[in-house]
Structure formats: C-alpha cells, structure tokens
Amino acid sequence: MPKPGTITAVKGFRDVLPEESRRWRELEAVAAEVFGAYGFGEIRLPVVERTELFARSLGEATDVVEKEMYTFVDRDEASLTLRPEATAGVVRAYLENGLVTSDPTVRLFYRGPMFRRERPQRGRYRQFYQIGAEIFGRDDALVDAELLVMLTRYLDAVGARATLELNSVGDARCRPAYRDRLRAFARAHLDALCADCHRRAERNPLRLFDCKVETCRAVLLRAPRIADNLCDACRTHFDEVRALLDRQGVAYVLRPELVRGLDYYVRTAFELVAEGLGAQNAVGGGGRYDGLVAALGGPEVAGVGFALGVERLAMATGTTARSDARVRVAVLPLDARAVPPALALATRLRDEHWAVALEASGRSLKALLRSADRRGARLAIIIGEDELRTGRATIRDLAQRRDVKDALPLDAAAAELSRRLDALDEAAPARSTDA
Ligand SMILES: [Zn+2]
Ligand SMILES: [Zn+2]
C-alpha cells in the first residue's frame, strides 16, 4: 500500500510494466508483419480530436458519446475529446490528407491508446490499447473475406484461440423496415425492459442489443433478427462473404442477433470471442461502415475494418515467463579499481547486442554471484585484484557453478569476446530461471 500523501495513478488508468510490455511489443510486431503482407501501411494518429468528430461518427445517442468520452474545453474554447476509438480519426485523416483522391483504396492499420470512462473491471481500463485496420474504397465481398482471413491468420500467429462470430446488419435499404419491426417488438414487451431500453426502443431500437441487463437480454433473444430481414443485395453480399470464407477454410459462427452498436455499420459485422476471459470475452470486432466517410463530409466511399483490444489479446494468448531483458552475462567488478574495465567490457558486449548485467562494486564475490544468479545470467565475468594484475577476467559458469578453464583477456576485441562467450553460453544447460 502506498503511504498516505503518495501520488497514485488515476482510477481506471495503469502502468504496463516490462514483462507485459514485451508481450505487447510482440503482438504489435506480428500485426505489422501480417498486415503488411496484406498491403496495409501504418498510420499514427493524434489521441485528441474535435468532439464533433465522434458526435458525428458514433451518433449523439450512443452510450460512448453520452457517458464515456473524456471531453474538455481547450483554452480557445474548442471542445476536444480523447479518442474513444480510432476509426473516426482514420477517416478524418483519409479525407484531410487527400488519400481519398490520391490513394482511394488505401489500407491502413493503427495501434495505440483509446480512452473511455467506463466502470473499471477485469481487463477493462479507461485508457486501453487497440490494434486495428481499415480498408477504404471497396464494397465487394472479397475485401470483407480478405480482411477476415487476415484477422484469423493474425490471431493464429499470436496464439489466440478466438471464435469469429459473423452477421450481416443490412443497409439503408433493408434496415429501416427491420428497425420498425424491432420497435414494435419492444413496445409489445415494455414491461420486461429496463428504462434505458424504453428510451432505446424509441430513439434507436438497434441499440436494444447493447443492453447489459439480464432480463432485457432474455427478452431480446426472442426479438426479430436482422439476418432474417435482409434485402436481396445484402443477402447476396453476405452469402458471397460466407462462401469465400468457407472455401478458404476460415471457421465462423453465425450470430443473427449480432448488431454493432454504431449507426454507420452496414452489412458485414463480426466479433471475436476468446476462451478463458469470463463474461467480457470479446477480444475485438469490426465490420463494414460504408456510410461513415460521407457522414464525415467526404464522398460516398465504402469502408471496412476491425479493432482488437491489446489487453484482452494479451490475456487470451497468455504471457510468456521470459523476462524482457534476458541477461546472459553478468559483469562483476570486485572493487573500485575494477569498475572502469568492467564498464568497458560490458559496453563492448552490449555493442554486440548481448544483454549484460553490470553489478555495483564493493560487495563480496558471493553477494555478486547471488545477484547475477537472480538476473538469470548464465555466465559471470569476474574482475578483481588478480584479474587486473594478469589482464584476464575469470569466467564463472553459473549453471555448472565452476570457473571456465580459459580466462578472458580484458582487452579482447568485442567480436572475440562475443565468440568466446557464445560458445560457453551454448554449452551451458538451460537454467530454470530462464524457462
Ligand atoms: Zn435494457
Ligand atoms: Zn439491404
């Protein structure tokens, strides 16, 4: 417990320490590699946007815009918001940077923090990280299938076991009639629905499916489903996406009640649900948003994309026990005079990309060796009075607990050092602390 008066992080915000960071870096590196093979380039966006961008893209009546955004008035009285998601920002950038004319079918991926003032719970933070991707200018079923193939390939590559849940949410042609049917259903079941759902039924019945109240969810299981109310064009599009996924051997589960909460989603909608995450089990989701570019002042340009939650992805894939800095060698100066040659030796090894622990002098050899052991080093290079006199450092094999026969010349060139230690390191058995 921190002492009273200690400054702590804000509720819902937290630190990501090296062990976890290392896993995130892997998740991000694999994303860049896999997405790159599908023609995606990375876009880095500001975390602050004009509030209007989210009000227009997410819809004024959404929970995100009404309750969850970090909105503040800047000194010049502009209303600004910490981005609650990135798609709106990607679309703004697509328009603002002229990609809409210079590269209309551009594929962009992003990663970074998002901010929502939700109730903190396991695996959910008010600053959370996403990896996402967007494809513009294509409305054919092929591009939806391609995106989903990429997504499942990525999840496989990072070791996430997730189920792809798929639906079509219709479009401007078929959804209004469906919305009316859903509203009629809700009006017939008002007694069993919560106050929020009463409001949703009137303002935007599709949002009924966002409700987290159990009794509402039970009622909505019997509600009419969009999948049964698609127009011919939407039906054909969905059938094509499914046929391509089937041919490609991508497994998915149809979820006819899956309705993305946001207004601009049309046709293909999906979620990725992982095992072992409890009730909040979605690691990500996405879909087609053909109306969004126009809603933000651009021309009619189609779009499709997804976002994955990095925290949940890390939870779903498990963390590796390996420490971030995998120390292989510890350099142990026994006294103050040994410090300069110890720093020189450590620097030369680090130049050769060895992870080196350099201990403080002035402790007993026993204490230094214990410290080297704790860091998981396989080899210790000891520099004391004898070593300074002979110009050769003692190498201790920490796994075998004995000194290596050939002492190491203190002035050995970096490459020579590296070669010598490499041979020894390879010969040493794997240490339990490194497993
Ligand atoms: Zn409800
Ligand atoms: Zn339709």
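In listed order, ligands and their atoms are each counted from 1.
- Annotation: angle subtended at the Zn ion (ligand 1) by Cys211 SG and Cys216 SG is 110°, to 10°.
- Arg23 and Glu26 are joined by a salt bridge, as a carboxylate oxygen and a charged side-chain nitrogen come within less than 4.0 angstrom of each other.
- For Cys197 atom SG and Cys194 atom SG, the angle they make at the Zn ion (ligand 1) is roughly 110°, to 10 degrees.
- Sorting the N, O or S atoms of Asp171 by how far they are from the Zn ion (ligand 2) puts OD1 first.
- Between Phe54 and Phe115, the distance separating the two ring centers is not shorter than 6.0 angstrom.
- The side-chain heavy atoms of Thr152 and Leu245, taken from C-beta on, include no pair separated by under 4.5 Å.
- Between Tyr94 and Phe136, the ring planes are parallel. Angles under 30° get that label, and only those over 60° would be called perpendicular.
- Rounded to the nearest 10 degrees, the angle SG (Cys234) to the Zn ion (ligand 2) to SG (Cys231) equals 110°.
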